Trainee: 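Take a look at the following structure, please.
Side-chain atoms are counted along with the backbone in the values below, which use heavy atoms only and exclude waters and symmetry mates. Just so it is clear, the structure is predicted and the values come from calculations on it, not from any experiment.
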Amino acid sequence: MRLRFKATHVVLAMLCVMYFITYVDRVNIGTAAGEIQKELGLSNTELGLVFSAFAYPYLLFQVIGGWVGDRFGPRQTLFWCGMIWAAATIMTGFVHGLAALFVARFALGFGEGATFPTATRAMQYWTPANRRGFAQGLTHSFARLGNAITPPVVALLILWLTWRGAFVVLGVVSLIWGIAWVWYFRNEPRDHGSITAAELATLPPRPQGERPKVPWGPLLQRMWPVTLTYFCYGWCLWLYLNWLPLFFKNNYSLDLKNSALFASGVFFAGVVGDSIGGVISDRILERTGNVRLARLSVTVVGFAGALLSLMPILFVHDITVVALCLSAGFFCAELVIGPMWSIPMDIAAKYSGTAAGIMNTGSAFAAIVSPLVAGFVIDATGNWYLPFLMSMGLLLVGGFSAFLMHPERPFEETNESVVPGKVVAAE
């Protein structure tokens, strides 16, 4: 008897693979940084500039890319994104100076900028409304799995093929995913040849009529607290992603292999946090029917837990204790992913790609500022712990700004008949 997979499950699996690959391609430079820095003669400040290069177009294309995903659909948008970021990754293996390396990373951010908002648009109509937190948590857990696997994999590829060959191999993998995506996925679930009537019955209906124009002003007003909260999370995330392998390598005088293993162990904690956060948020929503409670409770606990977990590293510098604290901090920070990425769908069902892009501009802006500030502080003071102290301050701000978010109030509703805190059927 031939095993048959549900089309909705296959689409979710392909999105999980995409999240995995995109994070491999954006954090591989953190593991290769030591070799690149040595060959190209870069300072930590220059290296921070290279880390941030990815984020300039990534920031720009959060909103633009979300709009493109809404306008042209996830099928073509994610295919062309995949082609661009694959080419950029391959190009990184051929650079010979700071300027060329900056351009390659800039192109990578251009390719990846629209991916997560557009993936949110795909999930909007391929995922049941009561499984949004799970789907977002699962896909982002694969992103963190990419974080965790990248350090040892890239270290082995460097030892085998040099750091240049490592980037070429990883870029080819991205090309393969893009081709598979455009072949299998369809923007409309009902247009897919393998989907069943039972699956279609579980999915939210598509809005009928002419495609609505994005009301930018009101939507930005509703989403700015979400963007601010996600900026605070993103500051901590990008410090981990860019600097953690070098933190272990330089602060504890470890070789490439051992620093990669320590960084990988910390990143694995995020895999668990992503999955658990989404599941818990959905369970709270199912039991209480309270959208605000389901999203904010997990988010605030995540910020508080991350802050408390990082505090001991300011006083205890034993590598085992520090690694455990960093792991606990990353686990707690990643709890917020599932609920946070569900909020754009909760608030603005018709414009979920655009709303997700607005939210992710917070993390994208953090991706510019966080590595630059960290590199400058490390060069100026020689202290690898100060950037983590700054992250603690941002975690505190994020915990408070979360209370300004209102996912229980659908953006389309303008009258006062909406009951705060209760589930409203998605359009």
Side-chain angles (χ1 to χ4, degrees), residues 16 19-20 22-24 26-28 30-31 133-134 136-155 230 232-249 251-252 254 257-281 297-314 316-341 363 366-367 370 374 384-385 387-389 391-392 394-395 398-399:
C16 287
Y19 277 62
F20 175 88
T22 55
Y23 263 81
V24 170
R26 72 178 66 176
V27 305
N28 48 21
T31 302
F134 167 77
Q136 290 287 5
L138 181 65
T139 50
H140 281 83
S141 73
F142 271 80
R144 299 304 171 260
L145 183 62
N147 296 346
I149 288 178
T150 297
V153 168
V154 171
Y230 208 59
C232 296
Y233 157 81
W235 184 287
C236 183
L237 171 69
W238 289 101
L239 177 64
Y240 271 87
L241 297 187
N242 288 320
W243 288 104
L244 195 62
L246 283 178
F247 169 80
F248 285 116
K249 183 176 185 293
N251 206 43
Y252 293 98
L254 300 180
K257 182 178 69 174
N258 285 315
S259 64
L261 289 175
F262 268 99
S264 179
V266 173
F267 289 142
F268 264 114
V271 178
V272 181
D274 274 315
S275 300
I276 291 178
V279 171
I280 292 175
S281 181
S297 60
V298 180
T299 300
V300 172
V301 168
F303 275 113
L307 172 61
L308 293 175
S309 297
L310 289 178
M311 289 183 67
I313 72 172
L314 301 178
V316 181
H317 294 167
D318 176 78
I319 188 171
T320 302
V321 175
V322 169
L324 290 173
C325 290
L326 289 171
S327 298
F330 199 53
F331 167 81
C332 292
E334 292 305 298
L335 289 174
V336 312
I337 284 293
M340 286 297 298
W341 277 89
S363 177
S370 179
W384 285 81
Y385 292 94
F388 289 98
L389 177 61
S391 287
M392 294 178 205
L394 270 296
L395 289 168

Trainee: Among Leu395, Leu241, Leu307, whose side-chain contact (heavy atoms from CB on, under 4.5 Å) with Cys236 holds?
Mentor: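 Among Leu395, Leu241, Leu307, the one meeting side-chain contact (heavy atoms from CB on, under 4.5 Å) with Cys236 is Leu395.
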
Trainee: Before you tell me yes or no, could you show the steps for Trp384 and His317 under side-chain contact (heavy atoms from CB on, under 4.5 Å), namely the whole-Å CA-CA distance, both residues' side-chain angles and the distance that decides it to 0.1 Å?
Mentor: CA-CA 11 Å; Trp384 285 81; His317 294 167; over 6 Å; no

Trainee: Measure the CG-CG distance between Leu246 and Leu254 for me, rounded to the nearest 0.5 Å.
Mentor: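 The CG atom of Leu246 sits 11.5 Å away from the CG atom of Leu254.
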
Trainee: Search all heavy atoms of Trp235 against all heavy atoms of Ser391 and return the closest pair with its distance.
Mentor: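 Reported closest heavy-atom pair: CD1-OG, 3.3 Å.
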
Trainee: In terms of the angle between their ring planes, are Phe247 and Phe388 parallel, tilted or perpendicular, with boundaries placed at 30° and 60°?
Mentor: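 Perpendicular.
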
Trainee: Nearest 0.5 Å please: distance from the CG atom of Asn258 over to the OG atom of Ser264.
Mentor: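 One gets 12.0 Å once the value is rounded to the nearest 0.5 Å.
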
Trainee: Quick one, Tyr252 and Val322 - any side-chain contact, counting heavy atoms below 4.5 Å?
Mentor: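 Yes, their side chains come closer than 4.5 Å.
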
Trainee: Would the distance check show the side chain of Ser281 and the main-chain N or O of Gly278 forming a donor-acceptor pair, the cut-off being under 3.5 Å?
Mentor: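 No, the answer is negative, given that no donor and acceptor are paired below the 3.5 Å cut-off.
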
Trainee: Could you check whether any side-chain N or O of Ser309 sits under 3.5 Å from a backbone N or O of Cys325, counting only pairs where one atom can act as donor and the other as acceptor?
Mentor: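 Answer holds: no.
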
Trainee: To the nearest 0.5 Å, what is the distance between CG (Leu326) and CZ (Phe248)?
Mentor: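 If I round to the nearest 0.5 Å, the distance is 5.0 Å.
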
Trainee: Which pair of non-hydrogen atoms, one from Val266 and one from Ser327, has the smallest distance, and what is that distance?
Mentor: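 The pair with the smallest heavy-atom distance is CA-OG, 3.4 Å.
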
Trainee: Using 0.5 Å steps for rounding, measure from the CG atom of Leu244 to the NZ atom of Lys249.
Mentor: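 With rounding to 0.5 Å, CG (Leu244) is 14.0 Å from NZ (Lys249).
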
Trainee: So which atom in Thr150 and which in Asn28 form the shortest heavy-atom distance, rounded to 0.1 Å?
Mentor: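 Scanning both residues, the minimum pair turns out to be CG2-CA, 3.6 Å.
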
Trainee: Apply the test ring pair (Phe, Tyr, Trp, His ring centres under 6.0 Å) to residues Tyr233 and Phe303: give CA-CA distance (whole Å), side-chain angles for both, the deciding distance (0.1 Å), then the verdict.
Mentor: CA-CA 8 Å; Tyr233 157 81; Phe303 275 113; 7.2 Å; no

Trainee: What is the distance from atom CG of Leu394 to atom CG of Leu237, rounded to the nearest 0.5 Å?
Mentor: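 Taking CG in Leu394 and CG in Leu237, the distance rounds to 12.5 Å.
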
Trainee: Identify the two heavy atoms, one from Val336 and one from Ala333, that lie closest to each other, and give their separation to 0.1 Å.
Mentor: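 Result for this residue pair: CG2-O, 3.1 Å.
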
Trainee: Enter the distance from Phe268:CZ to Asn147:CG here, rounded to the nearest 0.5 Å.
Mentor: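 Phe268 atom CZ to Asn147 atom CG measures 10.5 Å (nearest 0.5 Å).
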
Trainee: Looking at Phe331 and Ala269, what are the two nearest heavy atoms and their distance?
Mentor: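 For Phe331 and Ala269, the tightest heavy-atom pair comes out as CD1-O, 3.5 Å.
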
Trainee: Within the structure provided, determine whether Phe267 and Pro151 are in side-chain contact (heavy-atom separation under 4.5 Å).
Mentor: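 When only atoms from C-beta onward are counted, Pro151 and Phe267 do touch, with a gap below 4.5 Å.
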
Trainee: Determine the minimum heavy-atom distance between Tyr240 and Leu310, stating which atoms define it.
Mentor: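 Closest pair (atom of Tyr240, atom of Leu310, distance): OH-CD2, 3.4 Å.
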
